[in-house]
Novice: 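My structure is below; once you've seen it, I'll send some questions.
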Amino acid sequence: MRLHFINRLILFSLFVTGSCSLLAQSTVYLKPARVFDGEKIFENYGVLIKNNKIENVGLQTTIEKDLDKDTRLIDLKNCTLLPGLIEGHTHLFLHPYNETPWDDQVLKESRSYRTARAVTHAEKTLKAGFTTARDLGTEGAEFDDVGLKRAINENIIPGPRLLIATKALVATGSYAPKGFASEITLPQGAEEADGHDDLIKKVRNQIGKGADLIKIYADYRWGLRGEAAPTFTVDEIKLIVATARSAGRPTVAHASTPEGMRRAIEAGVETIEHGDNGTPEIWKLMEEKNVYLCPTLAAGDAILQYRGWKKGIEPDPERVKQKKQTFKEILKSGVKICMGGDVGVFAHGDNAREMEMMVEYGMQPLDVLKSATSINADAFHIEKQVGRIKPGLLADILVVEGNPAQNIQAIRNIKLVMKDGKIIE
Ligand SMILES: [Zn+2]
């Protein structure tokens, strides 16, 4: 008891005597060539950071007028300052399928092994400039994303702020691993659930364990000929959405068939993941209902290369031609586009690959930057914390050399990553 009291006294005096210098230390002025605030580019702007928040953004000449003499100045010539990027679709518990096929990751890798990998994946994601990430399912690693997120939040390991889905929900029989002897029951890459009581219970259980959102598979490759086909009924999805929503959680859906997408949109999901075979009618429905699309271009591209396609040497396979065509239609449609690559299919830390591909498929670099910052923040309901350079928001910041609004590849020339006001070393 007594020791505890003394400790408290020491802490208190440290706080009082040290507070002046501590406060002075925590004001940082970042002086790049330009600022992308999440929506537009501003030349000769600077950003003032106080503790873990953005204090001011504006013309350098204006900010510099009232700079405190203790403010730390970081000169960032030829650089662009942006909000810390937001990865919209990652799986920190997966690693590239050309290293280990998905089935083997789920069935042959222990949870401790997968967690050890996830820890390094989180660090790589952060160091690539992605200060926030939406993890859309542990793919068989149970609720291990809950502990991973906690360890990041408690600064035990470096990583992005996480929005987690935990196990994700699938209709019984629809998901994978599959194709094994029918008498063998194998663990699945997501949680099976069906019908009224079961769905309510499993949604609530995932929320209780720590899910920030509910992820469902609205279709999967279980059609009569192995093609993708819808899974849950509209009523089932409506029930999932209502149960999640009453606890303040959004529902998002993996969907690539028009019918799977239609059911999910009709039932009230907030983002559609992949959307490969969407039609003009579906885009219209999404626009009307303000549902965002996360096209995950890089995942499909990576899988085709794993199967032997020599990109850049051989002509585009049918699937790539189609995805390019669909993406052009979406760009014209007015559907809001998230940036999310389905990372894990390809390497963590290589998240920018999706941004490069969005440009390759016809999107303007500035629009890609918006998707990866303000649009993702709006879509994931975190716009009051991150996604823009705006006074009062958290100081999650990326500085790169060059101008990614002109050349998207500049997003890889990382000069500085700041999360919560702290520079990531
Ligand atoms: Zn995914």
Side-chain angles (χ1 to χ4, degrees), residues 86-103 105-106 109 114 117-118 121-122 125 130 132-142 144-145 148 160 162-171 174-177 188-191 206 211-222 228 231-232 250-257 260-261 264 269-278 291-304 306 319 323 337-351 353-355 357-358 371-372 376 379-380:
I86 301 170
E87 172 55 59
H89 188 143
T90 189
H91 297 277
L92 290 171
F93 287 84
L94 288 176
H95 61 101
Y97 300 174
N98 61 337
E99 293 171 8
T100 311
W102 182 90
D103 270 14
Q105 294 189 42
V106 174
E109 292 180 355
R114 296 186 70 185
R117 276 194 175 274
H121 297 156
T125 305
F130 292 78
T132 302
R134 191 175 63 145
D135 191 292
L136 291 187
T138 58
E139 305 287 332
E142 299 286 313
D144 294 347
D145 52 351
L148 186 76
L162 290 183
L163 295 166
I164 55 172
T166 71
K167 293 164 127 183
L169 289 172
V170 290
S174 65
Y175 202 44
Q188 294 291 289
E191 187 165 34
Q206 291 189 2
D212 297 307
L213 60 112
I214 297 298
K215 196 260 183 103
I216 65 161
Y217 286 76
D219 52 34
Y220 207 70
R221 296 187 294 275
W222 73 329
T231 54
F232 295 112
T251 302
V252 309
H254 161 116
S256 63
T257 63
M261 292 173 77
V269 308
E270 299 195 7
T271 69
I272 294 281
E273 308 302 313
H274 316 302
D276 289 44
N277 300 305
V291 177
Y292 291 70
L293 178 76
C294 188
T296 67
L297 306 176
D301 177 86
I303 287 170
L304 287 166
Y306 299 159
R319 209 178 131 186
K323 188 92 183 167
I337 301 174
C338 291
M339 196 296 295
D342 209 352
V343 197
V345 174
F346 58 98
H348 296 279
D350 194 20
N351 308 57
R353 185 162 163 180
E354 178 74 10
M355 300 172 75
M357 288 200 61
M358 288 164 99
S371 282
N376 271 3
F380 309 156

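Every number for a ligand or one of its atoms is a count from 1 in the order of the listing.
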Novice: Taking 2.8 Å as the upper limit, name the protein N, O or S atoms near the Zn ion (ligand 1).
Specialist: His89 NE2, His91 NE2, Asp342 OD1

Novice: Would you check if the side chain of Asp350 reaches a backbone N or O of His348 as a donor-acceptor pair within less than 3.5 Å?
Specialist: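 Looks like no, no N/O pair under 3.5 Å.
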
Novice: By side chain to side chain donor-acceptor pair (under 3.5 Å), which residues pair with Thr125, not counting sequence neighbours?
Specialist: none

Novice: Less than 6.0 angstrom separating the ring centers of His254 and His274, yes or no?
Specialist: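 Centroid distance His254-His274: below 6.0 Å, so yes.
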
Novice: Under 6.0 Å between ring centres, would you say that holds for Trp102 and Phe93?
Specialist: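 Aromatic pair excluded; centres sit 6.0 Å or further apart.
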
Novice: Taking the six-membered ring for Trp, are the ring centroids of His91 and His121 within less than 6.0 Å of each other?
Specialist: no

Novice: I need the Met339 CE to Thr296 OG1 distance, nearest 0.5 Å.
Specialist: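 Taking CE in Met339 and OG1 in Thr296, the distance rounds to 11.5 Å.
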
